Amino acid sequence: MQDQNFIDGHWRSAHSGKTFAVCDAATGEELARVPQSGALEAVDAINAADNAFHGWSTLSPSKRASFLTLIAQGMRERKTEFAQIMTAECGKPLDEAQGEVDYGADYFLSAADEANRLQSESIPSRRADRALNAIPEPIGIVGAITPWNFPLAMLARKTAPALAVGCTQVVKPAELTPLTALAFAQLLHDVGLPAGVVNVITGDPSSIGQAWLSDGRVRKLSFTGSTAVGRLLMKSAAEQVVRLSLELGGHAPFIVFSDADVSAAVVAAVNGKFRVAGQTCVCPNRFIVAEDVYEQFVSQFAAMAKELRVGRGRDAGVRIGPLIDDRAITRIRNQIKDAVSHGAKIVTGGETVHVEGCLDRFFAPTVLANASTEMLCFREETFGPLAPIAKFETESQAIEMANDTPFGLAGYIFSRDQNALQRVSRQLNCGIVGVNTGVISDAYAPFGGRGWSGFGREGGRWGIEEYISWKYVCAAVNG
Ligand code: ADP
């Protein structure tokens, strides 16, 4: 297992020699120690990315595309290794972790396609005496700060487009899950990616982030994480006018209309809600269900949720792993307590589950009936296996409830009426809409949010655009 920084193609400790522990999310047992880096290592990483920039950015796009394809192949070949590391450090079930490897590899395949399509564009001018061209140039050195819930996929969706365009990169993974990123760095090394093109350092988020944003050579930062940290980064980015992509918190509504296929909606709800134990930014966070089908939805949903096996991610059949830390347990407990005090009813779950030999971090999949908009769980992101279900009467009421939030990442709607689906999709104020499905992620599509959920898109050609600085060349034509 790799446990050092990857800078300029070499494995290095922090200058101070200091390290911090990375622990198994289920048991708390130490898995490894990794460098406690700060500003010094952050600048080392920039220096390496700076030295590599000329060579990488002038390589032909098709050559860069072949590296991307090799990386995708390598990810698939090492699927078991990556999945085992992710399950250990973030706790998710092994089959979800394996799915994440495929999903991450798709970002590289998608970016390889896009690299091959990168072209200058000639613009028809209304004036005969000028020739206009738009040239896609890499924005420069880019930073990536990634979260713990998808340690590989969130890195892949930042690294793949950056490399496709010709940028070089400095990466800081989440402190809780750096081992996946270091294993990924090992893969980059093994496929022969030139030294310095991607540099991965672990350590103190605030000093590393500050060092990158104040340096002037880092021209873009792509961040996935909390809205609170996104705001901080946005302020710091102002100093050097660094371009940002921010994928922040979500608070997704899941609307079930009375003409929906309720059983299919329940399956989608369970799959969407309980992935990574409810710790994804696109998880349905608020269920808004038509009164005619309310009882049916609640009882079927609770019955399915109750059957989900809670346990260590590595054990066969487990659907709900541990929550990431004690704060997550406190937050879900508080939300349940608040909801019950406002009249909600716990239909299933509501408490932690003891798992032999593990930390007290496992929470039963929980379904709350009689939820309403004044409850905390309807106002704040839960990031845990809690499904509060409220009732609505009219379509406009459902839309109003769904849009009653400053967040705008994902939304889900279930109906058999195509006109209603079109109408409601247009009115939802969010970046992604799932129509009769609870799982929407796709490496070829534009993923991203609005409002407090951030801005910028990841995936497909939209993800590529984030790393391009278009140069417009206006040339005089004589004669
Ligand atoms: P979460 O609450 O989901 O852990 P965070 O926003 O705290 O989300 O973390 C997401 C990523 O942001 C992690 O890599 C974390 O280390 C990093 N991070 C946290 N605080 C800062 C900061 N002040 N500056 C830069 N990065 C930060």
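Model, not experiment: these values are computed from the prediction.
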Which residue pairs pass the ring pair (Phe, Tyr, Trp, His ring centres under 6.0 Å) test when at least one of the two sits in residues 137-178, sequence neighbours left out? Trp148-Phe383
Go through the side-chain N and O atoms of Asp259 and Ser415 and say whether any donor and acceptor fall under 3.5 Å apart. yes
Minimal heavy-atom distance between Gly384 and Leu323, with the atoms involved, is CA-CD2, 4.3 Å
Report yes if some heavy atom in the side chain of Thr348 is under 4.5 Å from a heavy atom in the side chain of Thr366; otherwise report no. no
Considering all heavy atoms of both residues, which atom of Glu175 and which atom of Pro205 are nearest to each other, and what is their separation? OE2-CG, 3.3 Å
About how many Å separate CG of Leu386 and CD1 of Ile332, when rounded to the nearest 0.5 Å? 5.0 Å
Can a donor-acceptor pair be found between the side chains of Gln186 and Asp190 at a distance below 3.5 Å? yes
Step by step, work out the salt bridge (charged side-chain N to carboxylate O under 4.0 Å, His left out) result for Arg312 and Asp24. CA-CA 10 Å; Arg312 284 189 80 167; Asp24 186 301; 3.1 Å; yes
Sequence-distant partners of Arg327, side-chain hydrogen bond (donor to acceptor under 3.5 Å, both in side chains), two or more places apart: Asp325
I need the minimum non-hydrogen distance between Cys90 and Thr177, along with the two atoms involved. CB-CG2, 3.6 Å
Does the side chain of Phe363 come within less than 4.5 Å of Val310's, by heavy atoms? no
Checking the side chain of Arg219 only, and the main-chain atoms of Val241 only, is there a donor and an acceptor separated by less than 3.5 Å? yes
Taking side chain to side chain contact (heavy atoms under 4.5 Å, CB included) as the test, write out the residues that go with Phe53, two or more places apart. Ser57, Pro138, Thr168
Closer than 4.0 angstrom, basic N to acidic O: yes or no for Lys92 and Glu89? no
Determine whether the side chains of Lys158 and Thr224 contain a donor N or O and an acceptor N or O closer than 3.5 Å. yes
Checking Ala185 now: which residues fulfil side chain to side chain contact (heavy atoms under 4.5 Å, CB included) with it, not counting sequence neighbours? Phe6, Trp11, Val200
Kindly compute the distance separating CD (Gln240) from CG (Leu213), expressed to the nearest 0.5 Å. 9.0 Å
Distance check, rounded to the nearest 0.5 Å: Ile135 atom CD1 versus Gln119 atom CD? 13.0 Å
Contact check, side chains of Gln98 and Phe82, non-hydrogen atoms, under 4.5 Å: no
Any side-chain donor-acceptor pair under 3.5 Å between Glu247 and Ser453? no
For residues 422-463, pull every pair meeting ring pair (Phe, Tyr, Trp, His ring centres under 6.0 Å), keeping only residues two or more places apart or in separate chains. Phe407-Trp452
Using atom types as modelled and distance alone, determine if a side-chain donor or acceptor of Glu458 lies under 3.5 Å from a backbone N or O of Gly463. no
So which heavy atom on Leu109 is nearest to which on Ala72, and how close? CD2-CB, 3.6 Å
Do the side chain of Arg457 and the main chain of Gly449 share a donor and acceptor less than 3.5 angstrom apart? yes
Check the side chains of Thr373 and Asp404 for a donor-acceptor pair under 3.5 angstrom, ignoring hydrogens and angles. no
Tell me whether the count of non-hydrogen atoms from other residues, nucleotides or ligands lying under 6.0 Å of CD in Glu400 goes above 12. no
Sub-3.5 Å donor-acceptor pair from the side chain of Arg64 to the main-chain atoms of Leu163, do we have one? yes
Heavy-atom pair of closest approach, residues Val318 and Pro93: O-CB, 3.5 Å
Looking at Gln427, is its backbone amide N or carbonyl O close enough to the side chain of Asn403 to form a donor-acceptor pair, meaning the two atoms are under 3.5 Å apart? yes
Is the ring pair Phe392/Phe257 parallel, tilted or perpendicular, if the boundaries are 30 and 60 degrees? perpendicular
Any donor-acceptor pair under 3.5 Å from Arg286 side chain to Met401 backbone: yes
Answer whether the closest heavy-atom distance between the side chains of His251 and Glu380 falls below 4.5 Å. no
Do Ser469 and Glu137 have side-chain atoms, one donor and one acceptor, less than 3.5 Å apart? no
Smallest heavy-atom separation, Ala305 atom then Pro365 atom, equals O-CG, 3.2 Å
Could you check whether any side-chain heavy atom of Val171 comes within less than 4.5 Å of a side-chain heavy atom of Pro173, counting everything from C-beta outward? yes
Ring pair (Phe, Tyr, Trp, His ring centres under 6.0 Å) pairs, two or more places apart, involving residues 158-185: Phe108-Phe184
For residues Glu466 and Ser222, is any side-chain donor paired with an opposing acceptor at under 3.5 Å? no
Could you walk me through whether Gln169 and Thr159 pass the side chain to side chain donor-acceptor pair (under 3.5 Å) test, one step at a time? CA-CA 7 Å; Gln169 197 184 35; Thr159 301; 2.8 Å; yes
Taking Glu307 for its side chain and Met304 for its backbone only, find out whether a donor-acceptor pair lies under 3.5 Å. no
So, do Met75 and Leu187 sit near enough that their side-chain heavy atoms are less than 4.5 Å apart? yes
Is there side-chain contact between Leu176 and Ile324, with heavy atoms separated by less than 4.5 Å? yes
Output yes when a side-chain donor or acceptor of Ser66 lies under 3.5 Å from a complementary backbone atom of Lys63, and no otherwise. yes
I'd like to know whether the aromatic ring centres of Phe254 and Phe414 sit less than 6.0 Å apart in this structure. yes
Any Ile288 side-chain heavy atom under 4.5 Å of Phe378 side chain: yes
Does Glu100 use its side chain to pair, donor to acceptor, with the backbone of Ala153 at less than 3.5 Å? yes
Before giving the answer on salt bridge (charged side-chain N to carboxylate O under 4.0 Å, His left out), spell out for Lys391 and Asp292 the whole-Å C-alpha distance, their side-chain angles and the decisive distance to 0.1 Å. CA-CA 9 Å; Lys391 211 180 271 183; Asp292 303 1; over 6 Å; no
Tyr294 side chain to Ile389 main-chain N or O, any donor-acceptor pair under 3.5 Å? yes
If you apply the rule side chain to side chain donor-acceptor pair (under 3.5 Å), what do you find for Lys220 with Ser245, and how did you get there? CA-CA 8 Å; Lys220 182 200 167 78; Ser245 296; 2.6 Å; yes
